[in-house]
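Working notes, structure below.
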2 protein chains.
Amino acid sequence: MQKEVLIVEDEPAIREMVGVALKSDGFLLREAADASEAQTIIRDHTPDLILLDWMLPGTSGLQLAKELRDDEPTRHVPIIMLTARSEEHSRVRGLEAGVDDYVTKPFSVRELRLRIKAVLRRAQPESEGTRIELGGLVIDEASHRVFATGREVLLGPMEYRTLHFFMTHAERVYTRRQLMDRIWGQDAYLEERTVDVHIRRLRKALLPYRCDGLVQTVRGTGYRFSTM
Amino acid sequence: MQKEVLIVEDEPAIREMVGVALKSDGFLLREAADASEAQTIIRDHTPDLILLDWMLPGTSGLQLAKELRDDEPTRHVPIIMLTARSEEHSRVRGLEAGVDDYVTKPFSVRELRLRIKAVLRRAQPESEGTRIELGGLVIDEASHRVFATGREVLLGPMEYRTLHFFMTHAERVYTRRQLMDRIWGQDAYLEERTVDVHIRRLRKALLPYRCDGLVQTVRGTGYRFSTM
DNA sequence: TTAGATGTGTCAATTTGATGTCATGGCAGC
DNA sequence: GCTGCCATGACATCAAATTGACACATCTAA
């Protein structure tokens with residue numbers, strides 16, 4: 001899922017530079033030149049991360065950070081402060097306001113990227129792996145493995161993804177196009193026949209466990225995973 | 001039961017800031033400005049956790065950490081190092097000395113809290129048994145050594161740390177990034193390929209004992225420690 | 001102090017395995 | 001039968017993981 005980053009910075013040059021870098025990393029970037037613009041944007045779209053300039057015309061970055069921390073919807077949104085070197089001494093005040101990290105200007109795009117990723121990762125709780133059981137097959141998400149009658153089924157990455165999708169969307173037909181979108185992703189474009197080949201590979205992997213029949217062909221339409 | 005935290009830090013401003021936060025979380029905080037003060041306090045009250053500044057007047061934080069690891073009463077007390085960014089390169093030396101986690105200054109109070117809770121949670125079961133056995137390997141935490149079929153497995157510090165993490169988190173896939181976060185620490189920036197190299201070194205060390213197969217590659221995802 | 005040993009992170013070369021596409025042949029339904 | 005749709009095997013290509021080599025830093029022992 002695409003992460004939304006809001007940058008609050010009065011210098012267009014810096015917004016531009018950051019913008020190019022983040023978009024190429026797959027982030028959706030929103031821009032604000034001052035605190036009130038930022039508030040307006042936040043009201044509509046709560047971002048996943050805020051890059052906040054310390055020096056802003058009008059309300060200061062520090063002040064804005066404090067307000068964001070007091071507001072329920074933005075309380076847990078991580079903030080990275082952009083500060084000039086001369087402002088280093090005032091960092092402690094930022095920490096008190098609950099800022100998550102600092103980047104000192106001038107900063108390299110590379111450094112900013114790393115910090116953004118680190119902060120976002122930190123904010124994410126460790127996901128619990130679930131167990132999916134259906135038609136004699138068991139997917140253990142935590143270990144990323146599949147079992148049939150106690151034995152491990154050896155699958156390639158794409159086979160795993162395909163089976164995972166089917167087992168979480170059983171008893172329903174999907175066209176090749178739909179499978180492409182859901183398994184490969186929206187932007188990937190493939191030949192329709194390629195889906196057939198992957199179905200074939202999945203069936204082949206399931207064959208030794210007599211589970212290949214679970215993946216069924218619906219002639220003229222597509223494929224279906226069914227225990228019936 | 002109220003947990004006792006000792007902070008060893010020469011800057012009063014930071015002690016103050018941390019103090020306010022921890023007290024509101026229900027911790028009992030003791031403060032020391034240098035290593036000798038710390039030793040005095042520890043003699044009277046063994047704390048449940050130590051926050052240790054890397055740069056201290058007199059005995060350095062790293063030196064103190066090593067001494068604490070060698071002393072029986074404090075051997076199992078978790079240590080979180082407080083380091084400045086410029087000291088990042090010395091992270092590995094700290095890990096080698098048995099430091100549990102790092103927090104890089106400037107840090108947010110929120111982050112420190114999370115780290116403290118994570119470390120305390122992790123330390124809980126460790127205080128009971130210092131032996132970890134899995135897949136024919138035995139880790140003796142007290143002596144910081146590993147055995148396979150009675151013979152000692154010779155590991156470098158990073159190999160030990162990697163194996164320790166795997167054996168306490170078996171049967172689960174981790175991406176290279178997750179491994180970096182959990183083995184090197186959240187703020188360590190490494191090339192992803194570096195993880196591969198360490199995996200290889202660990203496997204090489206385990207090879208003479210036929211245990212290299214326990215560290216498994218999950219193509220397109222990461223690595224997994226598994227006895228199956 | 002110096003010299004050698006050890007440990008670590010990065011890179012490039014190589015190997016290994018997965019993936020997408022095509023061509024062919026089979027099968028179902030009309 | 002014919003026609004369209006699907007299954008299958010082969011193959012070229014691409015991506016991912018392994019591996020060896022190296023630079024640099026630190027530790028150890030003279």
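What you are looking at is a predicted structure, and each value in this text was computed from that prediction instead of being measured. In what follows, chains carry the letters A, B, and so on, assigned in the order in which the sequence lines appear, proteins first and then strands, with residues in each chain numbered from 1.
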Classify the angle between the aromatic ring planes of B/Tyr174 and B/His169 as parallel (below 30°), tilted (30 to 60°) or perpendicular (above 60°).
-> perpendicular
Using atom CD of B/Glu159 as one end and atom P of C/dG9 as the other, report the distance to the nearest whole Å.
-> 11 Å
May I have the distance from B/Tyr160 (atom OH) to C/dT6 (atom C1'), rounded to whole angstrom?
-> 19 Å
So which nucleotide from C/dG9, C/dG20, C/dA18 ends up closest to the side chain of A/Pro157?
-> C/dA18
So A/Trp184 and A/His198, would you call those rings parallel, tilted or perpendicular, with 30° and 60° as cut-offs?
-> perpendicular
To the nearest angstrom, the CD-C1' distance between A/Gln216 and D/dC6 comes to 15 Å
Output yes when B/Asp140 and B/Arg131 qualify as a salt bridge under the 4.0 Å nitrogen-oxygen rule, no when they do not.
-> no
Taking CG from B/Leu179 and P from D/dA17, how many angstroms apart are they, rounded to a whole number?
-> 12 Å
Using a cut-off of less than 4.0 Å, is there contact between a side-chain N or O of B/Tyr223 and OP1 or OP2 of D/dA16?
-> no
Do B/Thr217 and B/Arg203 have a side chain donor and acceptor closer than 3.5 Å?
-> yes
Carboxylate-amine/guanidinium contact A/Glu4 A/Arg30, below 4.0 Å = yes
Are OP1 or OP2 of D/dA16 and a side-chain N or O of B/Thr217 less than 4.0 angstrom apart?
-> no
OP1, OP2 of C/dT19 versus side-chain N and O of A/Trp184: anything below 4.0 Å?
-> no
Residue whose nearest DNA chain D nucleotide is more 5′ - A/Gly220 or B/Gly222 = A/Gly220
Rounded to the Å, how far apart are A/Met180 CE and C/dT19 P?
-> 15 Å
Please round to 10 degrees the angle between the axis of the first five pairs and the axis of the last five pairs in the helix from C/dT1-D/dA30 to C/dC30-D/dG1.
-> 30°
Just by distance, with hydrogens left out, do B/His76 and B/Glu141 show a side-chain donor and acceptor under 3.5 Å apart?
-> no
Considering only NZ, NE, NH1 and NH2 on the basic side and carboxylate oxygens on the acidic side, decide whether B/Asp212 and B/Arg201 come within less than 4.0 Å.
-> no
Please list, by residue number, the residues of residues 188-210 of chain A whose heavy atoms come closer than 4.0 Å to an atom of DNA chain C; answer none if no residue qualifies.
-> A/Leu190, A/Glu191, A/Thr194, A/Val197, A/His198, A/Arg201
Is it true that A/Asp196 and A/Arg176 have a side-chain N and a carboxylate O under 4.0 angstrom from each other?
-> yes
Could you note down all residue pairs passing salt bridge (charged side-chain N to carboxylate O under 4.0 Å, His left out) where residues 143-170 of chain A supplies at least one of them, sequence neighbours left out?
-> A/Arg145-A/Glu152, A/Arg145-B/Glu171
